[in-house]
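Residue numbers start from 1 in every chain, and the chains themselves are labelled A, B, ... in the order their sequence lines are given, proteins ahead of strands.
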Amino acid sequence: MPKKIKKTKTGGIANKPGYNHKSIEKKWQKAWEEQGIFSADDASAKTKFYSLDMFPYPSAYGLHVGHFKGYTLSDVIAKRKMMDGCEVLRPIGFDAFGLPAENFAIKTGIHPTVVTKKSIKNIRRQFKAAGLGYDWSREVIASSPDYYRWTQWMFLQLYKNGLAFRKKAPVNFCPSCKTVLANEQVVDGRCERCGSTVAKKLLEQWFFKITDYAERLLEGLDNIDWPEKIKTIQRNWIGKSYGTDIQFSFFTGTKEGDSRKLEVFTTRADTLFGCTYVVIAPEHPILEKLKPLISNWDEAAAYMSAALAKTEIERSAEDREKTGVELKGVRVVNPVNNTDLPVFIADYVLMDYGTGAVMAVPAHDQRDFLFAKKHKLPIVEVIKPKTGETTLPERAYEDYGVLQNSEVFSGLDSESGAKDIAKYLEKRGQGRSMVHYKLRDWLISRQRYWGAPIPMVICEKCGWQPVSESELPVLLPRIKDFKPTSDGKSPLARNKAFVKAVCPKCGGKAERETETMDTFVCSSWYFFRYTDPKNKAVFAAPEKIAKWLPVDLYIGGVEHAVLHLLYSRFFTKALKDFGYLDFEEPFLKLFSQGTIYYQGAKMSKSKGNVISPDKIIAEYGADTLRLYELFMGPMDQSSEWSDNGLAGIYRFLHKVWHLQYKVSDGAKDNQDILKLLHKTIKKVGNDLDSFRTNTAISALMILANELDKQPAVSKDSYLKFITMLAPMAPHLSEELWQIFGQEQSIFKNKWPAYDENLIQEKTIFLIVQVNGKTRGKIEIGTGVAEKEAKILAKDSEIVHKWVAGKEIVKTVYVPGKLINFVIKP
RNA sequence: GUCGAGGUGGCGGAAUCGGGAGACGCACUAGCCUUAGGAGCUAGCGGGGCAACCCAUGGGAGUUCAAAUCUCCCCCUCGACACCA
């Protein structure tokens with residue numbers, strides 16, 4: 001339990017009202033909404049600014065304070081932009097389909113429709129209570145038919161352009177959620193949602209061909225202002241590698257050989273002479289064709305089915321144990337030296353990367369090394385380390401070096417030798433330079449109820465047919481029995497009325513697809529819909545898209561680095577190719593807020609360490625919560641929640657409130673105060689521009705402390721101070737603004753400008769160092785020249801004391817900063 | 001293992017360009033005020049030393065008149081990926 005927090009009393013000066021967040025926050029939230037202060041005007045001629053927050057999934061538990069860090073930051077930036085004269089689009093909605101709502105519904109027995117509606121209402125209330133300035137007129141809810149109609153439309157566009165297709169493949173299946181999952185949703189072999197161990201199943205499913213866009217998804221990263229960290233995660237996920245596809249022909253003992261070829265992929269063609277066997281993935285389709293040649297087929301077949309039955313965890317848990325079976329009766333020929341080599345199947349080779357087969361070079365690849373040791377296969381060393389030191393025979397030597405035992409290539413540097421060997425193979429039609437990616441196609445089918453139905457029907461005669469666009473949406477029926485089953489079928493398959501369909505092509509008997517789409521499909525395009533959320537003719541009118549997009553600032557958690565953020569980029573590129581857009585990167589600038597930890601762990605319902613904003617807001621107010629989260633530290637760093645930290649912020653807001661009683665029209669500020677004020681305006685502006693809210697607040701605290709020491713404060717200075725505070729503590733600032741008789745909202749007011757002349761110092765303190773150690777400072781005029789400064793410094797007591805007659809061998813002068821005398825010891 | 005981010009008081013952090021280390025806030029200590037204090041105000045608050053001063057930004061070396069900041073090596077923490085050929 002959080003310990004009791006020290007509270008500041010709300011009273012203060014006799015007969016004058018104290019700071020009461022409860023009354024002012026509710027009042028302004030209502031007023032802003034009624035006046036539409038934060039609504040975007042499509043017709044505005046001002047510079048547009050599209051500020052996007054990742055829309056939340058409507059958790060039944062509501063949001064915790066950790067969620068508000070990002071939302072608050074973007075709210076501050078958006079409000080600042082407004083005050084800078086921009087027309088700001090700041091929408092919000094709910095990612096309402098998907099497993100969290102559905103799993104909660106299954107647990108409680110309440111229908112997902114009901115759960116979702118209730119959860120949305122609660123989170124909407126939380127957003128409003130935090131003073132987040134969203135344009136509620138543009139709210140989108142992904143589970144509502146006028147939204148998912150367009151999700152289905154998106155599917156159809158992808159289908160028509162060959163980017164949505166069915167494929168039978170080993171897919172990830174979560175036994176607890178009873179559905180297949182995308183690669184990106186499997187973390188460490190476990191379901192991202194429930195943590196169950198994911199099984200492999202061979203199923204025919206719907207995929208989006210994101211792999212077609214691998215290169216563009218990679219290239220696009222170079223031109224967007226995203227954190228390097230997230231770009232790196234995406235680059236690694238796409239996983240481009242350059243290498244060579246090499247063809248090994250099968251050796252049958254005859255001169256003609258066999259017309260069938262085995263293609264392997266390698267990034268190390270330089271090691272080809274060291275290849276002593278080849279390995280094929282157990283799922284490789286070529287095995288079926290080789291069956292007649294394989295004398296130990298039963299043994300091989302047993303290994304294949306065992307490999308398929310293994311989960312990712314089992315397969316990687318056996319990390320060092322390299323199992324496999326030799327395919328007796330099959331051998332291949334190394335194209336460079338015509339030696340014939342044995343062929344193995346082993347599950348350390350993956351089907352869905354490269355060609356699903358590798359050339360094994362035990363001397364120079366650790367995995368092959370372990371396998372060769374275990375199966376007593378020859379190890380041929382073809383690279384001599386340049387340094388003369390080798391890791392063999394303990395382990396494979398994997399670095400580059402000088403080629404040996406490689407016929408004409410011996411003696412070459414192995415890194416360039418790889419290119420020479422690749423060229424040699426290419427000339428003879430036995431290989432080619434090739435690029436492979438780790439990225440795999442996006443599996444979007446889900447055997448679950450709570451999602452957008454896939455708009456396809458299967459006809460007995462015509463096969464799979466898309467539902468006509470005019471028939472959309474394919475409505476998700478409200479069924480009572482929405483629980484998933486283990487038979488691999490969607491709950492919708494049990495609903496006869498839904499399944500029954502007519503073929504759009506021949507008009508004959510057909511059946512509707514009963515699977516629903518991955519919820520990440522819904523979130524891949526929602527930022528377009530915000531620009532035109534009620535349009536019934538198109539997903540968003542072209543002129544609205546042109547007006548607002550791309551998104552200027554997207555703030556959200558790093559957890560979507562390879563999920564939502566990759567999928568959305570893919571959708572945008574595809575829509576551009578279909579002719580709907582003229583840009584292909586949706587989010588120009590991305591910022592990822594750090595996680596808030598509590599009691600040493602990420603806040604989560606399951607760990608029981610969540611802090612609800614409701615409680616904090618009730619006790620201290622939204623402004624305190626906001627300011628505290630902005631003050632905790634750099635916004636991109638994770639930090640630990642501290643109950644005590646709130647108190648300091650609460651005190652600061654009280655101070656700001658009570659300062660109003662020192663303000664009078666007649667009061668004039670002295671030069672020091674004016675200088676500090678203008679310095680603060682400059683600093684807060686710069687800090688907010690670079691999201692350094694912690695130092696911006698610090699600067700405002702310093703100014704407040706100084707103002708508090710004055711007997712009186714001018715109205716002008718106070719209002720400027722309040723204006724700077726407004727994006728961060730909107731309620732208090734608006735209230736004070738109002739108290740001083742301002743008519744329009746503070747957010748319609750301009751961000752204050754600073755006067756450079758007022759900031760200019762007339763004198764500076766020149767730091768005096770002796771041998772690089774600071775020994776004091778002297779006050780001199782800013783215009784003082786080097787020569788004069790030196791004389792003044794030498795004349796000072798500091799130098800007299802520390803130099804004391806010793807010889808000055810060198811003087812370093814940094815204008816306006818310091819002077820350093822280097823003396824003989 | 002690979003890649004990425006980081007390591008500064010009792011704590012969160014500041015130092016934006018290589019130029020006074022510790023801003024601002026929390027916690028703590030003393031005093032004032034108060035019927036009371038979990039309020040407010042004043043002062044103190046990295047370590048050592050009576051002091052002059054000395055030491056100090058994970059550890060070690062280096063560059064420099066000058067290093068939290070730059071270079072090299074090492075240690076630790078967190079995050080991402082992880083049999084990717």
Side-chain angles (χ1 to χ4, degrees), chain A residues 4-12 187-189 227-237 239-241 243 264-268 271 279 315-316 318-320 322 346-350 352-361 364-368 370-371 398 436-440 558-559 561-562 594-595 597 628 631-634 636-649 651-652 654 658 683 686-687 690 692 694-702 705 765 767-777 801 809-814 816-823:
Chain A
K4 186 75 184 166
I5 303 158
K6 287 183 188 173
K7 273 183 73 176
T8 307
K9 79 176 167 184
T10 50
V187 179
D188 293 332
E228 226 20 76
K229 180 180 161 184
I230 296 200
K231 287 191 187 182
T232 305
I233 293 173
Q234 286 210 358
R235 283 192 188 108
N236 292 342
W237 190 261
K240 183 179 187 175
S241 60
V264 305
F265 173 64
T266 181
T267 55
R268 293 296 299 272
T271 63
V279 190
R315 236 164 120 156
S316 57
E318 292 172 36
D319 215 4
R320 273 148 285 274
K322 297 275 180 281
D347 64 7
Y348 81 89
V349 173
L350 307 172
D352 43 12
Y353 180 72
T355 61
V358 300
M359 60 177 224
V361 185
H364 305 293
D365 182 286
Q366 184 60 15
R367 296 155 302 183
D368 299 340
L370 292 170
F371 189 86
E398 295 185 317
H436 284 282
Y437 300 90
K438 281 197 250 178
L439 184 69
R440 292 167 215 173
V558 68
E559 67 273 15
V562 290
T595 319
Y597 287 77
Y628 172 62
F631 188 60
M632 287 175 87
D636 55 355
Q637 260 174 43
S638 43
S639 43
E640 173 83 17
W641 179 269
S642 146
D643 296 317
N644 287 327
L646 285 163
I649 296 292
R651 257 174 233 153
F652 168 64
H654 275 274
H658 286 295
K683 177 163 176 63
N686 288 341
D687 282 355
S690 43
R692 287 192 300 258
N694 54 332
T695 50
I697 292 168
S698 158
L700 289 171
M701 283 173 169
I702 292 168
N705 290 345
F765 286 100
I767 294 156
V768 179
Q769 294 185 334
V770 177
N771 283 350
K773 292 207 180 208
T774 301
R775 295 304 181 187
K777 60 190 175 184
K801 180 178 171 190
V809 290
K810 191 175 176 181
T811 310
V812 181
Y813 179 69
V814 183
K817 274 261 163 70
L818 64 78
I819 189 157
N820 184 17
F821 297 102
V822 184
I823 59 169

What does A/Lys773 touch in the nucleic acid at a heavy-atom separation under 4.0 angstrom: a base, only the sugar-phosphate, or nothing? sugar-phosphate
message = Distance check, P atoms only: B/G6 and B/G18, in whole angstrom units.
response = 15 Å
inquiry  = Once you apply a heavy-atom cut-off of 4.0 Å, does A/Ile767 come out as touching a base, just sugar-phosphate, or nothing?
reply    = base
*Within a reach of under 6.0 Å around NZ of A/Lys229, are more than 12 heavy atoms found that belong to other residues, nucleotides or ligands?*
no
Of the listed B/C26, B/A85, B/C65, the closest approach to the A/Thr267 side chain comes from B/A85
When rounded to whole Å, the CD to C1' distance for the pair A/Glu398 and B/A85 reads 10 Å
**OP:** Would you kindly check whether a donor in the side chain of A/Gln769 faces an acceptor in the base of B/G19, or vice versa, at under 3.5 angstrom?
**Re:** yes
By the Watson-Crick or G-U definition, both distances under 3.5 Å, B/G46 is matched with B/C55
query: Ignoring hydrogens and angles, does a donor from either the side chain of A/Lys322 or the base of B/C83 sit under 3.5 Å from an acceptor on the other?
result: yes
With heavy atoms under 4.0 Å as the rule, sort A/Arg775 into base, sugar-phosphate or nothing.
-> sugar-phosphate
Distance col, row A/Asn705:CG vs A/Leu700:CG, nearest 0.5 angstrom, shows 11.0 Å
Side-chain contact check for A/Asn705: nearest option of B/C24, B/G20, B/G19 is B/C24
Notebook entry, point to check: In whole Å, what separates the C1' atom of B/G46 from that of B/C11?
Noted result: 13 Å
*Under 4.0 angstrom, heavy atoms only, what part of the nucleic acid is A/Thr232 near: base, sugar-phosphate, or nothing?*
sugar-phosphate
In this structure, OG1 of A/Thr271 is separated from NE2 of A/His364 (nearest 0.5 Å) by 7.0 Å
Tell me what A/Ser698 touches on the nucleic acid: a base, only sugar-phosphate, or nothing, going by heavy atoms under 4.0 Å. base
Its glycosidic angle compared against 90° from 0, B/C17 adopts the form syn
When rounded to the nearest 0.5 Å, the distance separating CG of A/Leu370 from OH of A/Tyr348 is 9.0 Å
What's the gap between B/U34 and B/C45 when it is taken at their C1' atoms, as a whole Å value? 26 Å
So OG1 of A/Thr695 and NZ of A/Lys683: to nearest 0.5 Å the spacing works out to 4.0 Å
- Under 4.0 Å: is that the gap between some side-chain N or O of A/Arg692 and OP1 or OP2 of B/A23? no
### Query
Quick one: is A/Asn694 getting a side-chain N or O under 4.0 Å of the B/A14 phosphate, OP1 or OP2?
yes
Need one value for A/Lys817: base, sugar-phosphate or nothing, where a base atom within 4.0 Å counts as base even if backbone is also close, heavy atoms only.
sugar-phosphate
Rounded to whole Å, CG of A/Leu700 lies from P of B/G25 at a distance of 12 Å
When rounded to whole Å, the CG to P distance for the pair A/Asp643 and B/C11 reads 18 Å
Next on the checklist: Does A/Ile233 reach a base, just sugar-phosphate, or nothing at all? Heavy atoms under 4.0 Å.
Outcome noted: sugar-phosphate
Notebook entry, point to check: So what does A/Asn686 hit on the nucleic acid, given a heavy-atom distance under 4.0 Å: a base, only sugar-phosphate, or nothing?
Noted result: nothing
Whole-Å distance, A/Phe371 CZ to B/A85 P, equals 19 Å
Under a 3.5 Å limit on both distances, the Watson-Crick or wobble mate of B/G62 is B/C70
Next on the checklist: Over all strands shown, is A/Val349 touching base, sugar-phosphate only, or nothing at heavy-atom distances under 4.0 angstrom?
Outcome noted: base
Within the pair A/Lys810 and B/C65, is there a side-chain N or O less than 4.0 Å away from OP1 or OP2? yes
Which part of the nucleic acid does A/Val812 contact within heavy-atom distance under 4.0 Å: base, sugar-phosphate only, or nothing? base
Between OH of A/Tyr813 and C1' of B/C65 the distance, given in whole Å, is 16 Å
note: A/His364, atom NE2; B/C83, atom C1'; distance rounded to Å ~ 19 Å
Whole-Å distance, A/Met632 CE to B/C11 P, equals 16 Å
Closest to the side chain of A/Val358, out of B/G19, B/A85, B/C24, is B/A85
Per the O4'-C1'-N9-C4 / O4'-C1'-N1-C2 angle with a 90° window around 0, B/G9 comes out syn
Across every strand shown, the nucleotide meeting Watson-Crick or G-U wobble geometry with B/G12 (both distances under 3.5 Å) is B/C24
If pairing means Watson-Crick or G-U wobble with both distances under 3.5 Å, then the partner of B/G31 is B/C41
5'-most contact on RNA chain B (nearest-nucleotide basis), A/Phe265 vs A/Asp687, goes to A/Asp687
| Does OP1 or OP2 of B/A85 have a side-chain N or O of A/Tyr353 closer than 4.0 Å? | yes
Test for a donor-acceptor pair under 3.5 Å between the base of B/C65 and the side chain of A/Asn820, counting only N and O atoms.
yes
The reported gap from CD1 in A/Ile649 to CE in A/Met701 (rounded to nearest 0.5 angstrom) is 4.0 Å
Just to be sure I understand the rule, does A/Gln637 reach a base, reach only the sugar-phosphate, or reach nothing, if contact means heavy atoms closer than 4.0 Å? sugar-phosphate
Of the listed B/A15, B/C24, B/G19, the closest approach to the A/Thr695 side chain comes from B/A15
Requested in this report: Sticking with atom P, work out how far B/C55 lies from B/A68, rounded to a whole angstrom.
Outcome: 13 Å
As its Watson-Crick or G-U partner within any shown strand, both distances under 3.5 Å, B/U2 has B/A80
Cation-pi check, A/Lys322 to A/Phe371: give yes when NZ or CZ is under 6.0 Å from the six-membered ring centre and within 45° of the ring axis, no otherwise. no
At 4.0 Å (heavy atoms only), tell me whether A/Ser241 reaches a base, stays on the sugar-phosphate, or touches nothing. sugar-phosphate
Rounded to the nearest 0.5 Å, the CE atom of A/Met632 sits from the CD atom of A/Glu640 at a distance of 7.5 Å
Determine the contact category for A/Lys683: base if any of its heavy atoms lies under 4.0 Å from a base atom, sugar-phosphate if only primed atoms, P, OP1 or OP2 are that close, otherwise nothing.
base
